[in-house]
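Everything below concerns the one structure shown next.
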Amino acid sequence: MVEDNATARTALRGHLMSIANLSVSSFASGVELKAALKKQNFELLLMDYHLGEGKSGVEWIQNLREAGFIKPSTGIIFLTSDRSPQIIGRIMDLQPDVLLIKPYTIASLTRQITNYLSYRDFVKNVLHALDNKELDRAISIVRAKIKEGIPPRLIADIRKLYARLLFDNGEIQRALNIYDDVLTRSDKVLWAQWGKVKCQYSSGQWPHCKSHLSQMVNSSLARDKAFEWLASISFEQHSYDQVEKYLNEIKFSELSLPAAKLKSIAYQKQDKVVEAIDLLQKKRAMHRSAKDRFNDFTFELAEFYLFLAEDAPETNRKESLSQARKLVGIAGRSQGDPQTLQKRDYLLAFSAMLDGDLEKAAHLLEGDYIDNYLRTEPSILVIAAKVHHKLGDERKAGELLLMAKQKNAELQAISEKVMNDELIFSGGERLGLNHDQAIAINETGMHLFIEGLFNKAMKHFYDAFQLSPTTAAFGLNLFHCMIEADTHVYRKFNLNQLQEKISRLSLNDTNKTRLEQLALLAQEQAL
């Protein structure tokens, strides 16, 4: 358990020990928890929301999950005395197993913990399969248990788990059916609302997704997150003025790190570089007394300066590189965490590379923590790929870009995913690696298409066409797949837009004939 108040921590520990035969470790901060997770695993985490001036309990769980410190099977129970809809909404976004509002009674604590332990015992084989990345087996076990019959008090928990497993396994429509069924009974169930949004987004039904999100902005529990989602979808559609508009709806002090970063990039895309820097500087200054948050924003501002330098002529990089190095030095000072040291050294190596000092860049990559990519975030993997490519290791650069793509697919925060996608695409384009990756992705899509798995194939064809937008064959494959799946809209394309985009490409006679045939098929389907 993580609770910054020593008295509350002692009292809670005593209550827990009286409920069941539990082995309890207690920590005063997320930093202490992270240090412990490097050495051992916990089956259940009880997190207070407010943990002093540093990151909140929600931010710590998000960061630890993304870095792979928390197993998929780990249970999450949140404690908070803050009843504001905004805070409750943020906690519920994580889909914790239990939320306890302080002051709680011993009876309510006992009831909730006991119920969670019963649930955990009921699905222990499912959780074990999840930790071993055996998703099909986990789903099979849940289906068998549903057939056998589920205790009434566990039905809601099992439905939530089953929908999550189906979604993770790419069975989007089945997951959506569960969320829709839950919402038919009660349209206020937040986990089902977010589950439905994620299904609509993943299946490419962006108009439906945006419509649902536009309703959710009226809920005090979901308002800020819904605006962040709407901004993220607009970012993918290159509507950067809309990104700015949606994120202006969130109070500046409440902008999350990913949302602030998204807004700064939207400013940059509109040639508002001064506004972008000012935004990140103000967010950084807000957290000067909270070291972890301050360092996060310091690193983000350093990255922003580095990307400005990368886009500038070599003769006009000095000021941006100087600012970046200064910021990396501040954030990386007195750090013992290997992940932070790796981040610091890759950013400094990138700076040296942009400055033309390849010897210094190579020297900075000599740390024994540099090649441990288990917990490296996608944006740093992209920077690492650029550095290794410049140093002559093209194979490693390709591997790091692929790793960035795989890690990014596992992230939960939509704003982080869309920003990383942009970085991965532009990084691959600079290094000349996108087309080869697109060929491999398209090949997988072809196998799925032949098997009749059109929805899964569609994502591969879309990704291939995004990576290599001048390759007509990839666009034609996506067009064909959308027709076969009877899907008029997929992500940022409808059939008419896609047809028009393909027709503007350089087409050989075979591709022209194929486009004409598919256009006729699309017309027939529309009738």
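Everything numeric here is computed off the predicted structure, so don't read it as measured data.
Distance CG/Leu257 to CG/Leu280: 8.5 Å, rounded to 0.5 Å. One finds the CG atom of Leu400 at 12.0 Å from the CD1 atom of Ile383 (value rounded to the nearest 0.5 Å).
Among residue pairs with one or both ends in residues 410-421, none qualify as salt bridge (charged side-chain N to carboxylate O under 4.0 Å, His left out); sequence neighbours excluded. Within the structure, salt bridge (charged side-chain N to carboxylate O under 4.0 Å, His left out) contacts touching residues 193-204 (residues at least two apart or in different chains) are Asp180-Lys196. Applying the side chain to side chain donor-acceptor pair (under 3.5 Å) test to every pair with at least one member in residues 6-31, sequence neighbours left out, gives no pairs at all. The ring pair (Phe, Tyr, Trp, His ring centres under 6.0 Å) analysis of residues 46-73, with sequence neighbours excluded, yields no pairs. Sequence neighbours left out, the pairs with a member in residues 149-168 that pass salt bridge (charged side-chain N to carboxylate O under 4.0 Å, His left out) are Arg159-Asp181.
At a threshold of 4.0 Å, the pair Glu254-Arg223 does not count as salt-bridged, since none of the basic side-chain nitrogens sits closer than that to a carboxylate oxygen. One finds a salt bridge joining Glu59 and Arg293 here, because a Lys/Arg side-chain nitrogen approaches an Asp/Glu carboxylate oxygen to under 4.0 Å.
Not a single donor-acceptor pair under 3.5 Å links the side chain of Glu244 to the backbone N or O of Ala266. Of the possible donor and acceptor atoms, none in the side chain of Asn169 sits under 3.5 Å from a partner among the backbone N and O of Glu171. For the pair Ser239 (side chain) and Gln242 (backbone), a donor-acceptor distance under 3.5 Å is absent. When atom types are taken as modelled, the side chain of Lys407 and the backbone of Thr376 share a donor-acceptor pair closer than 3.5 angstrom. One N or O on the side chain of Gln205 and one on the backbone of Val489 form a donor-acceptor pair closer than 3.5 Å. The closest donor-acceptor contact from the side chain of Ser118 to the backbone of Thr114 lies under 3.5 Å.
Take Ser426 and apply the side-chain contact (heavy atoms from CB on, under 4.5 Å) test, not counting sequence neighbours, and it matches no residue. Partners of Lys343 under the side-chain contact (heavy atoms from CB on, under 4.5 Å) rule, at least two apart in sequence or in another chain, are Phe299, Glu303, Leu347, Glu377, Ile380. In this structure Glu43 satisfies the side-chain contact (heavy atoms from CB on, under 4.5 Å) test together with Arg120, sequence neighbours excluded. Under the rule for a side-chain contact (heavy atoms from CB on, under 4.5 Å), the partners of Arg288 that lie at least two apart in sequence or sit in another chain are Arg284, Phe294. Residues passing the salt bridge (Lys or Arg N to Asp or Glu O under 4.0 Å) test with Arg111, sequence neighbours excluded: none. Residues passing the salt bridge (Lys or Arg N to Asp or Glu O under 4.0 Å) test with Arg333: none are found, sequence neighbours excluded. Residues that satisfy the salt bridge (Lys or Arg N to Asp or Glu O under 4.0 Å) test with Asp48, not counting sequence neighbours, are Lys102.
In summary, the side chains of Asp97 and Tyr119 do not present any donor paired with an acceptor at a separation below 3.5 Å, with no hydrogens or angles considered. Side-chain contact of Asp371 with Tyr373: a donor-acceptor pair under 3.5 Å is present, judged by distance alone. Side chains of Ser108 and Thr105: a donor-acceptor N/O pair is present below 3.5 angstrom, by distance only. Of the N and O atoms on the side chains of Ser379 and Asn420, not one donor lies less than 3.5 Å from an acceptor on the other residue. Side chains of Lys263 and Asn248: a donor on one and an acceptor on the other come within 3.5 Å. Judged by distance alone, the side chains of Asp224 and Gln86 do bring a donor and an acceptor atom under 3.5 Å apart. Asp82 and Thr80 share no side-chain donor-acceptor pair at under 3.5 Å. With 3.5 Å as the limit, one finds no donor-acceptor pair spanning the side chains of Tyr179 and Gln200.
In this structure, Phe297 and His287 have parallel ring planes: the angle between them is below the 30° cut-off, well short of the 60° mark.
Under the 4.5 Å side-chain criterion, counting only non-hydrogen atoms from C-beta, Ile70 is not in contact with Phe42. Using a 4.5 Å cut-off on side-chain heavy atoms (C-beta onward), Ile87 and Arg90 make contact. No side-chain heavy atom of Leu221 sits under 4.5 Å from any side-chain heavy atom of Met92. Contact of the Met458 side chain with the Thr487 side chain is registered, since non-hydrogen atoms from C-beta on lie closer than 4.5 Å.
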Exercise. Should Tyr462 and His460 be marked as a side chain to side chain donor-acceptor pair (under 3.5 Å) after you check the CA-CA gap, both sets of side-chain angles, and the distance that decides it?
Worked result: CA-CA 5 Å; Tyr462 179 88; His460 285 78; over 6 Å; no
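Ring centers of Trp229 and Tyr246: at least 6.0 Å apart, outside the cut-off.
Screening Ile61, Leu64, Leu127, Asn41 for a side chain to side chain contact (heavy atoms under 4.5 Å, CB included) involving Thr74 leaves a single residue, Asn41.
Both cation-pi conditions hold for Lys225 and Trp194: the charged atom is under 6.0 angstrom from the six-membered ring centre and inside a 45 degree cone around its axis.
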